[in-house]
Amino acid sequence: GKAEIISCKEGIDIAVRQGFPRIRIHPWFEYSPEHDSFIWILTDSQRIDPGEPGKGTYRTIDVNANTGKILRVYEKRIIL
């Protein structure tokens, strides 16, 4: 049922299987209205574009925290 939530460690394990380096993963947990479920947002804390001051692009994976299903893998741009 919906009450099941995978742990942070399980979320990180899923990201690691997708090639994310375990020691650099920054986990974030939030509710996604789009998916009507909680999701783990797991970001590689090393920037993809180190040359651009003031903003950064980070490889990110969203995992459904109820099912463990990978929702998407993408590059997230963050203004620092």
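Reckoned from all heavy atoms, side chains included, excluding hydrogens, waters and symmetry mates. None of the values given here were measured: they were computed from a predicted structure.
- Residues Val16 and Trp28 fall into different hydrophobic clusters, defined by Ile, Leu, Val, Met, Phe, Trp and Tyr side chains chained together at heavy-atom separations under 4.5 Å.
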Q) Given Glu75 and Tyr58, is the side chain to side chain contact (heavy atoms under 4.5 Å, CB included) satisfied, shown in steps? A) CA-CA 5 Å; Glu75 293 178 1; Tyr58 299 86; over 6 Å; no

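- Listed here is the closest heavy atom pair of Ala65 and Trp40: CB-CD1, 3.7 Å.
- In this structure, the side chain of Ser45 engages the main chain of Arg24 through a donor-acceptor pair within 3.5 Å.
- Note that the CG atom of Leu42 and the CD1 atom of Ile12 stand 6.0 Å from one another [nearest 0.5 Å].
- Taking the six-membered ring where tryptophan is involved, the planes of Phe38 and Phe29 are essentially parallel, since the angle between them stays under 30° and well short of 60°.
- Phe20 and Tyr74 end up in different hydrophobic clusters when Ile, Leu, Val, Met, Phe, Trp and Tyr side chains are linked at under 4.5 Å.
- Linking ILVMFWY side-chain heavy atoms closer than 4.5 Å, directly or via other members, places Ile78 and Ile39 in two distinct hydrophobic clusters.
- Ion pairing between Arg17 and Asp13 fails under the 4.0 Å rule for side-chain N and carboxylate O.
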Q) Are Ile61 and Ile25 close enough, and set up right, to give a side chain to side chain contact (heavy atoms under 4.5 Å, CB included), and what steps lead you there? A) CA-CA 10 Å; Ile61 182 171; Ile25 293 172; over 6 Å; no

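- A donor atom on one side chain and an acceptor atom on the other are found under 3.5 Å apart for Thr57 and Arg77.
- When each of Asn66, Val63, Thr67 is tested with Ile6 by the rule side chain to side chain contact (heavy atoms under 4.5 Å, CB included), just one qualifies, namely Val63.
- No continuous path of hydrophobic side-chain contacts links Tyr31 to Leu71 [ILVMFWY only; heavy atoms under 4.5 Å].
- Atom CG in Asn64 sits 7.5 Å away from atom NE2 in His35 (nearest 0.5 Å).
- The hydrophobic cluster containing Ile14 also contains Val73, counting ILVMFWY residues as joined when their side-chain heavy atoms lie under 4.5 angstrom apart, directly or transitively.
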